Novice: 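Would you mind keeping the following structure in view while I ask a few things?
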Amino acid sequence: MPELPEVETTLKGISPYIDQQKIKNINIYNPNMRWPVDPHLSNHLLNKSLLSIIRRGKYLILTFDNGYLLLHLGMSGSLRVVDPSISPEKHDHFEIIFNNNKALRLRDPRRFGAVVWTEKPWQQHKLIKHLGPEPLSEEFTAAYLHKKSRKKTVCIKTFIMNSQVVVGVGNIYASESLYLAGIRPTINAGRISLKRYESLVAAIKQVLAEAIKQGGTTLRDFSSPEGKPGYFAQKLQVYGRAGEACYQCDNLIKQKTIANRATYYCTNCQH
DNA sequence: ATCGCCTCCTGCGCGC
DNA sequence: TGCGCGCAGGAGGCGA
């Protein structure tokens with residue numbers, strides 16, 4: 001479900017309720033996430049205060065004085081802050097209850113998400129260590145992408161969706177960014193000029209920033225922790241628009257599967 | 001090393 | 001209405 005803008009929206013939604021709060025209880029309703037949730041999580045976290053919560057790529061990182069909790073929402077995960085007296089539902093797998101009587105509850109029907117405890121610095125964790133730069137940071141430049149892509153034979157869409165190249169560009173925003181940059185998703189990353197990477201980097205930053213501003217994209221069921229939908233779906237140019245007219249040239253939007261993922265583009269506007 | 005494909009899992013919408 | 005099928009916003013891990 002969530003790409004970077006949705007995770008950012010989630011972070012903003014939950015942070016005011018839980019930051020600096022002390023943990024009163026932990027409930028693991030179903031430990032069978034991507035990896036089994038540590039059954040001893042309570043031993044680490046009871047009576048610990050949440051010192052900070054940040055986002056890195058699509059991970060949320062909760063800092064405590066004895067370690068870090070890494071949360072990932074996978075394809076269908078969401079986080080809500082609720083009153084703990086409200087009964088958990090079928091797909092609520094995990095929750096942290098704080099002293100202020102707020103429960104941070106993880107719902108994830110497909111269970112591709114993850115709850116991972118680590119005691120070493122989070123930057124060194126194997127899930128985080130190899131992540132590429134944040135797309136909205138100054139490190140993410142055309143020069144970086146150009147250099148990184150030399151001799152690469154993967155197509156550009158697969159390349160920008162690789163979190164070791166850049167984090168947070170998922171299937172929706174990859175199609176959208178390539179459309180905005182006028183680049184066809186199928187061409188080899190290694191054959192794209194620096195000049196075209198300038199357009200692509202600008203497009204990625206623009207698309208993600210706008211999506212964050214709109215509170216993310218609600219396609220089926222994404223909503224912010226307050227229950228509000230994201231409004232970026234109304235701004236999608238190509239994603240999900242197969243067979244419909246391109247907004248720039250009236251050509252029909254083409255859909256093609258690339259690396260097992262639906263990809264949308266305009267054969268007239270993207271070369 | 002690099003790349004492409006498969007996989008984990010449930011729910012939903014569509015066509016018959 | 002009911003059923004089966006294909007598809008869904010991620011990404012680790014495997015085999016070639």
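Model, not experiment: these values are computed from the prediction. Keep in mind that the numbers below use all heavy atoms, side chains included, and drop hydrogens, waters and symmetry copies.
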Novice: Which residue is it: Leu51(A), Leu71(A), Asp19(A)? I am looking for the one with a side-chain contact (heavy atoms from CB on, under 4.5 Å) to Leu62(A).
Specialist: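 Among the candidates, only Leu71(A) passes.
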Novice: P atom, dC9(B) versus dC3(C): distance in rounded Å?
Specialist: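 Straight-line distance between the two P atoms is 24 Å.
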Novice: What is the nucleic acid contact for Asn171(A), judged by heavy atoms within less than 4.0 Å: base, sugar-phosphate only, or nothing?
Specialist: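 Sugar-phosphate contact only.
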Novice: Heavy atoms from C-beta onward define the side chain here; which of dG9(C), dA8(C), dG13(C) lies closest to that of Glu6(A)?
Specialist: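 Selected nucleotide (nearest to the side chain): dG9(C).
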Novice: So, for Asn66(A) and His44(A), which heavy atoms are closest and what is the spacing to 0.1 Å?
Specialist: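 The answer is ND2-O, 2.8 Å.
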Novice: How does DNA chain C look in dot-bracket notation if pairs are Watson-Crick or G-U with both distances under 3.5 Å, crossing ones as [ ], other-strand ones as |?
Specialist: .|||||||.|||||||
Novice: Any side-chain N or O of His72(A) below 4.0 angstrom from OP1/OP2 of dG10(C)?
Specialist: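 Answer no for this pair, as no side-chain N or O of His72(A) is under 4.0 Å from OP1 or OP2.
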Novice: Please report, rounded to the nearest Å, how far the C1' atom of dG9(C) is from the CE atom of Met161(A).
Specialist: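 That distance rounds to 9 Å.
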Novice: To the nearest angstrom, how far is Leu219(A) atom CG from dG9(C) atom C1'?
Specialist: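 The answer, rounded to whole Å, is 6 Å.
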Novice: What's Phe159(A) touching, base or sugar-phosphate or nothing? Going by heavy atoms closer than 4.0 Å.
Specialist: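 The answer is nothing, as Phe159(A) stays clear of every strand by at least 4.0 Å.
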Novice: NZ of Lys256(A) versus P of dC7(C): gap in Å, rounded?
Specialist: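 Value for this atom pair: 15 Å.
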Novice: Would you measure the distance from the C1' atom in dA11(C) across to the matching atom in dC12(B) and give it in whole Å?
Specialist: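 Each nucleotide's C1' atom is 23 Å from the other's.
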Novice: Closest heavy-atom contact between Thr9(A) and Ser224(A)?
Specialist: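 Shortest heavy-atom contact: CG2-CB, 3.8 Å.
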Novice: Whole angstrom is fine here: how far is it from CG in Asn260(A) over to P in dG10(C)?
Specialist: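 For the pair Asn260(A) CG and dG10(C) P, the rounded distance is 13 Å.
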Novice: Could you check how far OH of Tyr239(A) sits from P of dG9(C), rounded to whole Å?
Specialist: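 Computing the Tyr239(A):OH to dG9(C):P distance gives 3 Å.
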Novice: Decide whether a cation-pi geometry holds between Arg241(A) and Tyr179(A); the criteria are a distance under 6.0 Å from NZ or CZ to the six-membered ring centre and an angle within 45° of the ring axis.
Specialist: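 No cation-pi geometry.
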Novice: Tyr231(A) OH to dG9(C) P: how many Å, rounded?
Specialist: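 Roughly 22 Å, once rounded to whole Å.
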Novice: Taking side chain as C-beta onward, heavy atoms only, is Ile172(A) less than 4.5 Å from Leu219(A)?
Specialist: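 SC-SC contact between Ile172(A) and Leu219(A) confirmed.
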Novice: Mind running a 4.0 Å heavy-atom check of residues 113-136 of chain A against DNA chain C and sending the residues that fall below it, in number order?
Specialist: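 Leu127(A), in order of number.
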Novice: Say whether, by atom type as modelled, one donor and one acceptor occur between the side chain of Asp38(A) and the main chain of Trp117(A) under 3.5 angstrom.
Specialist: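 Here the side-chain-to-backbone pair does not exist.
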Novice: Between Tyr173(A) (OH) and dA11(C) (C1'), how many Å, whole number?
Specialist: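 Value for this atom pair: 18 Å.
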Novice: Starting at the 5' end of DNA chain B and moving along, which residue's nearest nucleotide shows up first, Arg34(A) or His91(A)?
Specialist: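 Taking each residue's closest nucleotide, the earlier one in sequence belongs to Arg34(A).
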Novice: Can you check ring pair (Phe, Tyr, Trp, His ring centres under 6.0 Å) on Phe232(A) and Tyr173(A), steps first, answer last?
Specialist: CA-CA 11 Å; Phe232(A) 194 73; Tyr173(A) 302 117; 5.6 Å; yes
Novice: Where the side chain of Glu3(A) is concerned, which of dG9(C), dG12(C), dA8(C) is the nearest nucleotide?
Specialist: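 Nearest to the side chain of Glu3(A) among the choices is dG9(C).
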Novice: From CH2 of Trp35(A) over to P of dG13(C), roughly how many Å is that when rounded to an integer?
Specialist: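 Rounded to the whole Å, the gap is 6 Å.
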Novice: Can you pull the contact range of chain A along DNA chain B, 5' to 3', using atoms under 4.0 angstrom from its heavy atoms?
Specialist: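 So the outermost contacting nucleotides come out as dC3(B) to dG11(B).
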Novice: At under 4.0 Å between heavy atoms, what does Lys151(A) touch on the DNA or RNA strands: base, sugar-phosphate, or nothing?
Specialist: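 Result for Lys151(A) = nothing.
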Novice: Hey, does the side chain of Arg110(A) come within less than 4.0 Å of dG9(C)'s phosphate (OP1/OP2), counting only N and O?
Specialist: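 Negative; the distance criterion is not met.
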Novice: What is the minimum heavy-atom distance between Gly13(A) and Pro225(A), and which atoms define it?
Specialist: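 Scanning both residues completely, I find the closest heavy atoms to be CA-CG, 3.9 Å.
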Novice: Just call it for Thr153(A): base, sugar-phosphate, or nothing, with non-hydrogen atoms closer than 4.0 Å on any strand.
Specialist: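 Sugar-phosphate: the residue Thr153(A), judged by heavy atoms under 4.0 Å, touches backbone atoms but no base.
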Novice: Looking at Arg55(A) and Glu134(A), is any side-chain nitrogen of the basic one under 4.0 Å from a carboxylate oxygen of the acidic one?
Specialist: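 So Glu134(A) pairs with Arg55(A) through a salt bridge.
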